[in-house]
Structure formats: C-alpha cells, structure tokens
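Remarks on the structure that follows.
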Amino acid sequence: VNVAGGSILLAHNPPKWVNFACRFTIYMNHTNIVVADGEITGDTPAEFQRFLDTEPFDGFSFYIDLNSPGGNLMGGIELGEMIRKEGLTARVASYDRRRDGETFYLPKERPGICMSACALAFLGGEDREIRDDSVLGFHQFSSAGNASGKVADVYEMQSTTQMISGILHDYIESMGVMPTLFSRMSMTLPEEMYIPTAQELTDLNIIPPDAFRNFALEPQGDGVIATAEFPGNVEGRNVISRVTAYCRGGTPYLLLSQPEEFPPLDREWIEAAYGDLNGFSLWTPPGSNSVDYPKSHVNLIAGGEALAEIRIDARGTDILLGESKGAIQLPGVYGRSMYFNIQPTDTDRKALNSAFHLCVSPDAAAPQDDAPGQVSKEALRGYFNRYLADWSQPNPIAMSAMERAYGNPIKFYGGSKSKKALLQEKRAFAERWPERFYSARESTFETSCGDRICTVAAVIDWDARSSARGKTARGIAWYELGFDRSSGLIVYESGESRKQ
C-alpha cells in the first residue's frame, strides 16, 4: 500500500488490482496486510480515509506495514489516530512492487524504514512490531522555514512551535508511549535522527511489552509502592492485569489485581477455592531459581479489583529483580488463573528495590531486634495493621493467620490463656460473625518497647456481620497488642470496646 504519493495495497484473493484516481491501489490475496509506502503528505489522511471507505476489512486482525522516509508531521499524527481508531497492528516492513504483466503476486516481506512523521503514525498501532532489521527513527520537528526574519513572524513561529509541541506531547501520551520520547525528540536536531535501541523501544513502550515492566513508584504511608500494568496479560482464564510490590510491617508483599470491569471475587468462591489452594510459586525461567510459598502466604480478596495479596520474603524479592514468573496454584475448575511474567528494566529494578527497601535493607527494623528501642514505629504500626487485615479476611484465611500470629501462652485482657484456648475462642467468634472489618485510626497509634515486648495500641473501627442470622454490630475500641521481640509473635492482647 502506498500512502502519500502513492498507493495502498491490501492483500486478499483472488489476485486483483483496482486503480483509483486518488492513486490508491488495492490488491487482495488473503494476507490481511495494508502496506503504506512513500512520503507522508498533508493529503495522506484523506487518501487513507478514501481507502477505508471501500470497507476493506472483514473482521480479521489487520496489519499496516509502514515504509516511509517521513513527511508532513500533522499528516503523520492524523494517520496514526486513524490507525488506532481502526485497531490495526502497525509494523515496519517493505515489499517488492508487482511487475507489469505479473498475474499472480505474493510479495515477499523485506526490512523497512519508518522515519519522522512515519514514526509518529507508527505509534497509532493498537499493537506495534518492528523486525530486527527494520529501522524506526524520530527527530525534532522544525518550524524555522515559516519565519522570514521579521519580529512578528518570529513571534508567530514561536507560538506555532509551542502549539505543535503541545499537540505532539499529548499525542505521544494518548498512544500509551512514555512521555520521555518527546524529550528525546526535542533533544535531537531536525537534521539528525533518534533511533531507539531495542531496550529503549520497550522502556519507552514504543513496542508494547509482552510482560510486566515499567513499574511506577507511588507514595504510600511512610514508604512507596511499585505498580506495573499489563492488560495484555489478561488472556484465556488468566485475569491478572496489575502487579503491585510493597513492604508492610517489615514484610514484602505482592498484590495481584484484575481489570476494574471484571466481576470481583465473592466470599463463597474464596472459601471454596481456599480449600484447594496449593500456594504460590515464584521462579526464574527456565526454573533454576524458584521458591514455593504455602497457601497461608496467600490472602484471596473479595469485593474489588484486588484479587490476592501474597506474603513473600527476601528469596522472592531477589527473584523479582530479574526475569521472573509467578502463579497462584489453584485448580482450573475454579475458572480463573492468576499468573504473571515480569521482565524488569534497570529502572524497574530500582523501583522494586525502593518498594521493598524497608523489608530487605540492612537497616530495616523488625520485632526480633536485640536491643530495646531499635524497633521503628512504622514497623510496629505495620504489624498491628497486618493483624487487623488478616482478622478481616474470610474465616479459613483469618484462622490460618491467627495460628501463625500468636505465641503461647498469651496475656489476655488481664488473664492468661493458652494458644489453643485462644484460637478456639477466636474460631467461635469468627463463625458467629463471619463478615468482619477492622481498621486502625492512623493518628491514634501509641508504641513502646521494653526488653522483651513491644506494645502497639490504637483506636480501631470495627464492623461485624452475619448474613445468615441477619445481625450487624459495629463500634470503636481501644486495642493493644504486644509482640515478643525475639519471635515476633503476639504474647499480649487487651483493649476496651464500645458498640455504636
């Protein structure tokens, strides 16, 4: 297909050429490829629209193969927007022209070039691919040719340049490409060409990833979280579109989420699935470095985009800094697969290190520190919040977490209980109130550490429900937990509750 000077070639069968006065040439041979070859002009979008008006697409996935030295910037942007609207996959390739008198034509794909305005049109692809031997190049646009040297004309040129810069920046972002590309283009002189390396093509999202990468850091409490989205990971039964890494209470976690339009997990599904859950596996392809976590490390989450929170350790954070794959081991009968593949860039590794810093760095505080006063308030608040979050989970998950959380014996509201007796009491409460939500008011925390125990207390809001009994209870409480410094287990619990 030759757009802009040119012709457009669409392959289907039987072999047939149709010539139009607008210089579009359409060839059909069942290859569902639109080939766009030649210089892009301001008329190119209109010519391409006339081609589209012939309704050449019949429901299959179509490719547009670009081969062009560039041309009109606005023409390239408009062509890119049309390519995106049609849902075409953009590639860089060229083809031999059909010779006169040739009755059968099946062109051989060859390397192509796509420069300047063509490179901008290429960004419009719903998906984008480049052969290893093809070339994609960007450079700074110039409006110098519009200036005659007069002051008024210079001001007009500056105004036009700023306007086009804004249009170009917005276009790049709207196509899902990192804004850094605009900066790289701005630093490349009009007579020079910025040709991204293979690594830069993926880092800038010019070539969409086939794995999770481009983790973004976001503030969260006193730390940060690292989040990457990859909608293309949602395929078949796999529903994971977002991976989030963070540290809470001195422990590294991964949060796996699905697209917002997907139906959330419900508590009945979770309770059934948890009985067959085999845990979580994290490995480095082809699997020479791997770690398997038991199901007690996996919290399935009801009611939202977040599906599972996974508690890992330093072994897992090391694996995540290289190419890694992870999967929740759940039988296929449950209809959902939770799987991801991470291919981190150097920037991603820095982001993940930042997210996990408070968990795996040498100065990260933990309850088992030997000397009094070395446990950070942040870490203690994290342990307290993690306990409340665990107790707010469905019963199988919550009781598994309680078994891990408590020491033996426990000083309990002025008395003493064995761990076995306490868990029996917790289980009875959980069965009576199967739906629970507990959260601490962040401004109310008080922490202190002695030689053996660190105590954390806060005002909490609680809500308990039983759909089967049609009962609801809610209130506030002053709640205290004491953590043994040598083991990190809860050895003290007290508080005062008031219903609302």
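Between the side chains of Asn341 and Asn233, no donor N or O sits under 3.5 Å from an acceptor N or O. Side-chain atoms of Gln329 and Ser281 form a donor-acceptor pair, as typed in the model, at a separation below 3.5 Å. Arg213 and Thr202 form no side-chain donor-acceptor contact under 3.5 Å, judged by distance and modelled atom types alone. In this model, no donor atom of one side chain and acceptor atom of the other lie less than 3.5 Å apart for Glu480 and Thr455. Judged by distance alone, the side chains of Glu493 and Tyr406 do bring a donor and an acceptor atom under 3.5 Å apart. For the residue pair Asn205 / Arg128, no side-chain donor-acceptor distance below 3.5 Å is found, with atom types taken as modelled.
A donor-acceptor contact shorter than 3.5 Å is absent between the side chain of Asp390 and the backbone of Ala398. In terms of modelled atom types and a separation under 3.5 Å, the side chain of His297 and the main chain of Ile310 share no donor-acceptor contact. A donor-acceptor contact shorter than 3.5 Å links the side chain of Ser134 to the backbone of Val92. At least one donor-acceptor pair closer than 3.5 Å links the side chain of Arg436 to the backbone N or O of Gln393. Judged by distance alone, the side chain of Arg237 and the main-chain N or O of Gly332 form a donor-acceptor pair under 3.5 Å. Put simply, the side chain of Asp348 never gets that close to the backbone of Ala351: no donor and acceptor are under 3.5 Å apart. When atom types are taken as modelled, the side chain of Arg84 and the backbone of Gly124 share a donor-acceptor pair closer than 3.5 angstrom. Asn238 places a side-chain N or O within donor-acceptor distance of the main-chain N or O of Tyr339, the cut-off being under 3.5 Å. One N or O on the side chain of Ser186 and one on the backbone of Phe182 form a donor-acceptor pair closer than 3.5 Å. Using modelled atom types, no side-chain atom of Tyr387 and backbone atom of Ile490 make a donor-acceptor pair closer than 3.5 Å.
Ion pairing between Arg427 and Glu403 holds under the 4.0 Å rule for side-chain N and carboxylate O. For the pair Arg349 and Asp346, the salt-bridge criterion is met [side-chain N within less than 4.0 Å of a carboxylate O].
Geometrically, Lys295 engages Tyr274 in a cation-pi contact defined by less than 6.0 Å to the ring centre and at most 45° from the axis.
Among pairs with a residue in residues 193-212, those fulfilling ring pair (Phe, Tyr, Trp, His ring centres under 6.0 Å) read Phe212-Phe230, at least two apart in sequence or across chains.
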Could you go through the side-chain hydrogen bond (donor to acceptor under 3.5 Å, both in side chains) check for Glu435 and Ser467 one step at a time? CA-CA 8 Å; Glu435 300 171 51; Ser467 299; 2.6 Å; yes

Run the side chain to side chain contact (heavy atoms under 4.5 Å, CB included) test on Lys350 and Leu217 for me, step by step, so that the C-alpha distance in whole Å, both residues' side-chain angles and the decisive distance to 0.1 Å come before the verdict. CA-CA 10 Å; Lys350 293 177 182 177; Leu217 283 176; over 6 Å; no

Audit row: Glu78, Phe48, side chain to side chain contact (heavy atoms under 4.5 Å, CB included) steps and yes/no: CA-CA 10 Å; Glu78 189 174 350; Phe48 190 59; over 6 Å; no

With side chain to side chain contact (heavy atoms under 4.5 Å, CB included) as the test, would you mind laying out the steps for Arg465 and Arg474 before giving the verdict? CA-CA 9 Å; Arg465 302 169 185 265; Arg474 61 175 58 90; 3.2 Å; yes

Arg452 and Asp484: side chain to side chain contact (heavy atoms under 4.5 Å, CB included), yes or no, with the steps? CA-CA 6 Å; Arg452 193 177 72 86; Asp484 185 285; 2.8 Å; yes

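Contact of the Arg184 side chain with the Leu204 side chain is registered, since non-hydrogen atoms from C-beta on lie closer than 4.5 Å. No side-chain heavy atom of Val34 sits under 4.5 Å from any side-chain heavy atom of Asp65. Taking 4.5 Å as the limit, every side-chain heavy atom of Asn278 sits out of range of all side-chain heavy atoms of Asp292. Ile33 has its side chain out of reach of Glu109: every pair of non-hydrogen atoms, C-beta onward, lies at least 4.5 Å apart. Side chains of Tyr334 and Leu277 form no contact here, defined as non-hydrogen atoms less than 4.5 Å apart. Within the 4.5 Å cutoff, the side chain of Arg315 has no heavy atoms near those of the Asp318 side chain. Phe445 is listed as a side-chain neighbour of Asn385, based on a closest heavy-atom distance under 4.5 Å. Side-chain atoms of Leu255 and Ile225, non-hydrogen and from C-beta on, never get closer than 4.5 Å to each other.
Taken to the nearest 0.5 Å, the CD1 atom of Ile410 stands 5.0 Å off from the CG atom of Leu422. The distance from atom CZ of Phe483 to atom OH of Tyr492, rounded to the nearest 0.5 Å, is 12.5 Å. Taking CG of Leu423 as the start and NZ of Lys426 as the end, the distance is 9.0 Å to the nearest 0.5 Å. Distance check: Leu320 CG to Ile342 CD1 gives 5.0 Å after rounding to the nearest 0.5 Å. Interatomic distance, Leu123 CG to Phe138 CZ, rounded to the nearest 0.5 Å: 4.5 Å.
Closest non-hydrogen pair, Ala440 versus Ile460, comes out as CA-CG2, 4.0 Å. Considering every non-hydrogen atom in both Ala355 and Ala245, the closest pair reads CB-O, 3.4 Å. Of all heavy-atom pairs spanning Ala119 and Gly137, the tightest one is CB-O, 3.2 Å. When every heavy atom of Glu323 is checked against every heavy atom of Pro285, the shortest pair comes out as O-CD, 3.5 Å. Closest of all the heavy-atom pairs between Met115 and Ile195 is CE-CD1, 4.5 Å. Of all non-hydrogen atoms in Thr44 and Leu79, the two that sit nearest each other are CG2-CD2, 4.1 Å.
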